[in-house]
S.K.: 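Sharing a structure below in structure tokens format, with a few things to ask.
Note that this is a predicted model, so its numbers are computed, not measured. Remember, it's 1-based here, ligands and their atoms both numbered in the order they're listed.
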Amino acid sequence: SKGGFDHFMMKEIYDQPQAIHDTLMRRLDEDGMIHLDDIKLTKEDLDGITKMYIVACGTAYHAGLVGKYAIEKLAKVPVEVDIASEFRYSDPFIDEHTMLIVVSQSGETADTLAAMKLAKAKGARVLAITNVVGSSVAREAHDVFYTWAGPEIAVASTKAYTAQMIAFYMIALDFAYKKGTITLEAYHETIKKIEALAPLVQEILADKDEIEKIAMDMKDAQNAFYLGRGVDYTTAREAALKLKEISYIYTEAFAAGELKHGPIALIDQGTPVLCIVTQEALEEKMISNIKEVKARGAFVIAITRKGNTEVAKVADDVIYIPGADDLLMPVLSVIPTQLISYYVSIARGNDVDKPRNLAKSVTVE
Ligand code: F6R
């Protein structure tokens with residue numbers, strides 16, 4: 001049931017605080033230690049892994065991009081992220097020191113499944129992050145992390161994505177602890193910060209009317225762009241996918257630093273440019289990029305942390321979200337982008353839960 005909401009997508013956007021809470025809290029013991037029940041990797045196993053691949057499709061791939069940041073930063077293992085349909089045919093370098101992490105909400109995506117079979121055959125250890133217990137991907141993997149997002153019905157993925165990011169933070173923390181690349185103190189502190197995300201998501205959802213008003217400023221656009229740097233670029237990519245798939249507005253995401261190398265030619269009078277500005281060290285650079293696109297006529301909607309006074313001086317609209325550690329910001333910054341996609345597509349008269357040409361689970365290659 002839609003739980004009193006007009007659409008499954010909105011219900012699922014609102015399920016996110018619960019999904020974050022369940023995915024995390026159900027795996028903490030009374031001492032606040034993470035227990036990943038279906039992951040059997042020992043310290044020896046982890047010390048033997050010198051390289052990881054994260055492979056998935058669509059939104060799950062974007063969660064993987066966040067996963068790379070988390071695993072490299074905390075567990076200190078180099079990670080490559082690839083799209084399943086590309087990975088399969090790229091003759092990937094895999095041996096027994098390689099770990100493959102696949103991400104799939106449904107657990108039935110054909111290319112993702114094929115990628116894991118290939119990696120297994122070449123001797124990789126395969127870990128699956130999936131939302132569906134007993135799915136094909138779960139059965140094929142050596143180790144499984146189940147996200148506890150609950151069933152996702154809307155074609156556009158929302159709560160599965162946030163739960164996948166939480167999964168990566170927890171896996172990265174657990175691996176880091178086992179490998180000894182994090183202190184126990186930092187481990188506990190980070191868990192506390194992940195725990196704090198659910199009420200912060202709630203806080204953003206409480207601003208939905210304000211976000212709807214801002215979304216109306218771009219509802220008639222023919223094309224739109226998302227910009228970000230660092231892990232904000234990942235949010236930009238996920239946000240662009242969500243907007244295009246349900247609003248049918250042609251939307252692209254760019255790494256803000258790449259603008260001058262071509263994409264800025266696309267900016268015209270009134271083109272909506274949505275800028276994600278949450279990474280403290282990269283903020284100044286983002287502000288210069290906002291000025292650049294403004295000078296070419298862009299209409300800038302910025303998403304930034306509360307307390308940031310600089311962004312409002314250059315952007316047309318600003319959506320303020322609560323702050324968290326840089327690494328955790330993607331869980332918060334994606335929420336307004338989901339709401340924008342939803343409101344814009346409703347305003348355009350689209351069927352948000354069942355966008356044209358798309359299926360919830362892609363079981364053909
Ligand atoms: C977009 C979306 C898709 C899926 C992709 C992978 O909103 O939902 O991009 O993320 O088809 O699906 P799963 O995660 O089921 O493998």
S.K.: Check Lys360 against ligand 1 and report side chain, backbone, both or neither, counting heavy atoms closer than 4.0 Å.
M.R.: neither
S.K.: For Val155, counting its heavy atoms only, list the atoms of ligand 1 lying under 4.0 Å from any of them.
M.R.: 7 (O), 8 (O)
S.K.: Before you tell me yes or no, could you show the steps for Arg305 and Asp326 under salt bridge (charged side-chain N to carboxylate O under 4.0 Å, His left out), namely the whole-Å CA-CA distance, both residues' side-chain angles and the distance that decides it to 0.1 Å?
M.R.: CA-CA 11 Å; Arg305 296 168 188 250; Asp326 277 356; 2.6 Å; yes
S.K.: For ligand 1, note which part of Glu108 has a heavy atom under 4.0 Å away: side chain, backbone, both or neither.
M.R.: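 It is neither part, as no heavy atom is under 4.0 Å.
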S.K.: Please tabulate, one pair per line, all N/O donor-acceptor pairs under 3.5 Å involving side-chain atoms of residues 203-218, not counting sequence neighbours.
M.R.:
from	atom 1	to	atom 2	distance (Å)
Glu203	OE2	Lys306	NZ	2.9

S.K.: Should we say atom NZ of Lys73 is surrounded by more than 12 heavy atoms from elsewhere, each under 6.0 Å from it?
M.R.: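 It does not: Lys73 NZ has 12 such atoms or fewer within range.
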S.K.: What protein heavy atom sits nearest atom 14 (O) of ligand 1, and how far away is it?
M.R.: Gln105 N, 2.6 Å
S.K.: Would you mind listing which atoms of ligand 1 come within a distance below 4.0 Å of any non-hydrogen atom of Ser104?
M.R.: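 Within the 4.0 Å cut-off of Ser104, ligand 1 contributes 13 (P), 14 (O), 15 (O), 16 (O).
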S.K.: Does some side-chain heavy atom of Leu24 sit less than 4.5 Å from a side-chain heavy atom of Tyr169?
M.R.: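 Heavy-atom side-chain distance check fails, nothing below 4.5 Å.
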S.K.: Might you work through the salt bridge (charged side-chain N to carboxylate O under 4.0 Å, His left out) test for Glu292 and Lys260, ending with a clear yes or no?
M.R.: CA-CA 9 Å; Glu292 281 163 12; Lys260 290 196 233 359; 2.9 Å; yes
S.K.: By the definition side chain to side chain contact (heavy atoms under 4.5 Å, CB included), identify the one residue from Asp111, Leu100, Val81 that meets it with Phe87.
M.R.: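 Only one of Asp111, Leu100, Val81 forms a side chain to side chain contact (heavy atoms under 4.5 Å, CB included) with Phe87, namely Leu100.
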S.K.: Which residue owns the protein heavy atom closest to atom 7 (O) of ligand 1, what's the atom, and how far is it?
M.R.: Glu245 OE2, 2.4 Å
S.K.: Out of the candidates Val273, Val293, Asp317, only one should pair with Phe299 under the side chain to side chain contact (heavy atoms under 4.5 Å, CB included) rule; please name it.
M.R.: Asp317
S.K.: What are the atoms of ligand 1, with element, lying closer than 4.0 Å to any heavy atom of Lys242?
M.R.: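 Those of ligand 1 that fall under 4.0 Å from Lys242 are 1 (C), 7 (O).
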S.K.: Below 3.5 angstrom, do we get any N/O pair linking Gln164 and ligand 1?
M.R.: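 No: no nitrogen or oxygen of Gln164 is under 3.5 Å from one in ligand 1.
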S.K.: Give the residue and atom name of whichever protein heavy atom lies nearest to atom 5 (C) of ligand 1, and the separation in Å to one decimal.
M.R.: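 Minimum-distance protein heavy atom for atom 5 (C) of ligand 1 reads Cys57 O, 3.6 Å.
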S.K.: Looking only at distance, does Val103 have an N or O less than 3.5 Å from an N or O of ligand 1?
M.R.: no
S.K.: In Å and rounded to the nearest 0.5 Å, what is the CD1 to NE2 distance from Ile49 to His97?
M.R.: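 Separation between the atoms: 10.0 Å.
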S.K.: Applying ring pair (Phe, Tyr, Trp, His ring centres under 6.0 Å), name anything that partners Tyr320, two or more places apart in sequence or on another chain.
M.R.: none
S.K.: Of the protein's non-hydrogen atoms, which lies at the shortest distance from atom 2 (C) of ligand 1, and what is that distance?
M.R.: Thr59 OG1, 3.7 Å
S.K.: Please list the nearest protein heavy atom to atom 15 (O) of ligand 1 with its residue and the distance rounded to 0.1 Å.
M.R.: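 I find the closest protein heavy atom is Ser106 OG, 2.6 Å.
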S.K.: Which is closest to atom 16 (O) of ligand 1 in terms of heavy atoms, Thr112, Thr109, Leu241, Ile129?
M.R.: Thr109
S.K.: In ligand 1, which numbered atoms sit nearer than 4.0 Å to a non-hydrogen atom of Gly58?
M.R.: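 Within the 4.0 Å cut-off of Gly58, ligand 1 contributes 9 (O).
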S.K.: Non-hydrogen atoms of Thr158 versus ligand 1: any pair closer than 4.0 Å?
M.R.: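 It does not, in that no heavy atom of Thr158 comes within the 4.0 Å cut-off of ligand 1.
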S.K.: Just which atoms of ligand 1 are under 4.0 Å from any heavy atom in Ala156?
M.R.: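 Result: 7 (O).
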S.K.: Hey, mind stepping through Lys122 and Asp91 against salt bridge (charged side-chain N to carboxylate O under 4.0 Å, His left out) and telling me if it holds?
M.R.: CA-CA 11 Å; Lys122 289 189 171 197; Asp91 196 11; 3.4 Å; yes
S.K.: Find all atoms of ligand 1 within a distance of less than 4.0 Å from any non-hydrogen atom belonging to Ala60, and give their numbers and elements.
M.R.: 10 (O), 14 (O)
S.K.: Using a 6.0 Å cut-off, check whether atom NZ of Lys40 has over 12 heavy atoms from anything other than its own residue.
M.R.: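 More than 12 within 6.0 Å, yes.
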S.K.: What is the nearest protein non-hydrogen atom to atom 11 (O) of ligand 1, stated with its residue, atom name and distance?
M.R.: Val362 CG2, 4.3 Å
